[in-house]
Trainee: 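Encoded as structure tokens, here's the structure I'll be asking about.
Hydrogens, waters and symmetry mates are skipped; everything else that's a heavy atom, side chains included, is used. Order of the sequence lines sets the chain letters (A, B, ...), proteins ahead of strands, with each chain counted from 1.
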Amino acid sequence: MAWTADQPLIALVDVHKSFGKTEVLKGITFSVAKGEVICVIGPSGSGKSTLLRCINALVPIDRGSIKVEGQEVNDPALDKLALRRKVGMVFQQYNLFPHKTALQNVMMAPIQVLKQDRKEVEERAHRLLRKVRLQDKASSYPGELSGGQQQRVAIARSLAMNPDVMLFDEVTAALDPETKKEVLVTIRELAEEGMTCLLVTHEMGFAREVAHRIHFTDGGRIIESGPPEEFFAKAKDPRTRQFLSQIL
Amino acid sequence: MRAPPNSTDLPVLLPMARPVRASEIGKVELGRAGLWAMLVVAAIGLIGEARAAPSDPGLLALLWKWAPLIFQGFLFNLLVSFLSMAIGTAAGAVLGLAQVSLLPQVRQASWFATQFFRNAPWLVLLFYCMFLLPFEIRLFDYVIPLPAWFKATIGLALPVMANMAEIVRGGVQSVPAAQLESAEALAFTRRQILWQIILPQCVTRMTPPWMNLYAILTMATPLISIVGVQESMSLTRAALNAEGRIELLVPMYLMLLVWFFLYCYPIARWTIRLERRFAVKI
Ligand SMILES: Nc1ncnc2c1ncn2[C@@H]1O[C@H](COP(=O)(O)OP(=O)(O)OP(=O)(O)O)[C@@H](O)[C@H]1O
Ligand SMILES: [Mg+2]
């Protein structure tokens, strides 16, 4: 059965994952439609990073199903590389390649992985760096960039693969308030352009503004979900309320 | 009353000396001590010359006479060091990468091989190679001879390989796991990650210990004289036997020591410089 754009782009059903004896994900079910922006919030250690890693097969799951554009991720015969070409991911610690310039960081994967024409890729890379407002840093090495600048290069690097969905894992957690804003603006622009985004974040103000839906996780389960107005105004579960009262 | 300049006993009033870093002291002192040792040994040699009977040719003249031959032997030591290093580096790189393989059997086997050759005396490995390797290899119709010096080169390459494997393994593992993860998320293959992302990052870190290994190997090359390969050491011994003059012993070995020193010391200095440069950059 072919996947069509009206079906969820990502669909998780009863996803379970354990590391040794500790069960990190205890049955996660939700879906992300094309063009949707979904925020996942929750206390530290509740399995948010693990959840994102499962979606692009960096971590195998034990039970349940994850479908990306209709393709089952929990399948031994899965073409992981094909999946990862569709799913972009940005990490908290940027993880740029320190031996390459900003421009080279952006160009590397399209040239090596997608085998695209270098000239075309270079043009696109410049365009992407302009989009994240770093056109004048193209030849800087990561070590010469601030945290916020590195994170924006990392976003451009991911976008260079033309992914269908972007996963953001607490991408502003290591940044100070000023640089945080630069990165959040970049992500919001992406969201407004219609990019499908799944974000793990502690930025409640940001989540309230850009998210279509918010999921609150604790102890490996989704405790509460809803559109932001509803979620922030009338959270029902005491755990959600407690978390929100701590963080707001 | 004003004290005239430089006549004070108070240390605070003396001009300040240039501060010397601890690491610098060690090196400067070592270098100086080495030079002093050579001068002393050379002086002993010259005293010996002064005492020699007037009819005999002088010690310096004898040194001069034998120097070209021994120097050829020294060049042969260097040749063996190049070859051993090349073979050991190539094999060690493979062995080191095998230690970070995804297959547990490959990982364990290469770990064992590395530990075995790294913790064996070099001379014992050399003996094993001399006796276990055949003197020729038959490949279909071709007969490839394996001369003694080549077997000795292999013998020295084995410990180099094991040490190189450790350098490579350490280098690869020094790259943060997050680098690997973000490369995987960008759909790079394992092979691309290794060659494009991990190795370029750790080559700089692996260079100083690799150069250090080379210097150690070069200084170990006279070991091959023990298994009967003619090089600078055995030629020096032969020259001494031919002249039969006991007072020639010290200056002649000194000459050899100086050559090794002049070759290895700059490598050591360069290694330290690189180490410092990379330490600043990373
Ligand atoms: N590779 C792993 N091996 C073993 N345990 C792991 C591994 N990765 C994560 N864990 C454990 O799984 C649990 C959830 O981790 P995860 O990083 O997903 O939480 P998180 O919600 O992202 O937390 P944070 O907000 O601190 O980033 C933690 O207890 C962590 O120790
Ligand atoms: Mg996390």
Trainee: Does any heavy atom of chain B fall under 4.5 Å from the side chain of Val87(A), the backbone, both, or neither of them?
Mentor: backbone

Trainee: Give the C-alpha distance, both sets of side-chain angles, the deciding distance and a yes or no for side chain to side chain contact (heavy atoms under 4.5 Å, CB included) between Gln196(B) and Phe97(A).
Mentor: CA-CA 10 Å; Gln196(B) 309 284 338; Phe97(A) 306 130; over 6 Å; no

Trainee: Does a sphere of radius 6.0 Å around OH in Tyr128(B) hold more than 12 heavy atoms from other residues, nucleotides or ligands, not counting ones at 6.0 Å or beyond?
Mentor: no

Trainee: Between His99(A) and Thr204(B), is there a side-chain heavy-atom distance shorter than 4.5 Å?
Mentor: no

Trainee: Answer with side chain, backbone, both or neither: which region of Glu184(B) has an atom nearer than 4.5 Å to a non-hydrogen atom of chain A?
Mentor: both

Trainee: Show the nearest heavy-atom pair for residues Gln179(B) and Leu96(A), with the distance to one decimal.
Mentor: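 The pair with the smallest heavy-atom distance is NE2-O, 2.8 Å.
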
Trainee: Of all the heavy-atom pairs spanning Gln112(A) and Phe188(B), show the shortest one and how long it is.
Mentor: CB-CE2, 3.7 Å

Trainee: Can you confirm whether more than 12 heavy atoms, excluding those of Lys67(A), are under 6.0 Å from its NZ atom?
Mentor: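 No - once you tally the heavy atoms of other residues, nucleotides and ligands closer than 6.0 Å, there are 12 at most.
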
Trainee: Can you find a pair of side-chain heavy atoms, one from Arg157(A) and one from Ser182(B), that are under 4.5 Å apart?
Mentor: yes

Trainee: Can you give me the closest heavy-atom contact between Ala185(B) and Asn56(A), atom names plus distance?
Mentor: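 Heavy-atom minimum between the residues: CB-ND2, 3.8 Å.
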
Trainee: For residues Leu186(B) and Val113(A), report the shortest heavy-atom separation together with the two atoms involved.
Mentor: O-CG2, 3.7 Å

Trainee: Tell me, yes or no, whether the heavy-atom count around Lys119(A) atom NZ, taken from other residues, nucleotides or ligands under 6.0 Å, exceeds 12.
Mentor: no

Trainee: Answer with side chain, backbone, both or neither: which region of Arg53(A) has an atom nearer than 4.5 Å to a non-hydrogen atom of chain B?
Mentor: side chain

Trainee: Is it the case that more than 12 heavy atoms not belonging to Tyr263(B) sit under 6.0 Å from its OH atom?
Mentor: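 Yes.
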
Trainee: Pairs in or reaching into residues 58-93 of chain A: which pass ring-ring contact (aromatic ring centres under 6.0 Å, His included), with residues at least two apart or in two chains?
Mentor: none

Trainee: If you look only at distance, which donor and acceptor atoms sit under 3.5 Å apart when one is on a side chain in residues 78-107 of chain B and the other is two or more places apart or in another chain?
Mentor:
from: Ser81(B); atom 1: OG; to: Leu78(B); atom 2: O; distance (Å): 2.6
from: Ser81(B); atom 1: OG; to: Tyr214(B); atom 2: OH; distance (Å): 2.7
from: Ser84(B); atom 1: OG; to: Val80(B); atom 2: O; distance (Å): 3.0
from: Ser84(B); atom 1: OG; to: Thr153(B); atom 2: O; distance (Å): 3.0
from: Thr89(B); atom 1: OG1; to: Met85(B); atom 2: O; distance (Å): 2.6
from: Thr89(B); atom 1: OG1; to: Trp210(B); atom 2: NE1; distance (Å): 3.0
from: Gln99(B); atom 1: NE2; to: Thr114(B); atom 2: OG1; distance (Å): 3.1
from: Ser101(B); atom 1: OG; to: Leu103(B); atom 2: N; distance (Å): 2.8
from: Arg107(B); atom 1: NH1; to: Ser101(B); atom 2: O; distance (Å): 3.0

Trainee: More than 12 non-hydrogen atoms from neighbouring residues, nucleotides or ligands closer than 6.0 Å to CH2 on Trp122(B), yes or no?
Mentor: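 More than 12 within 6.0 Å, yes.
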
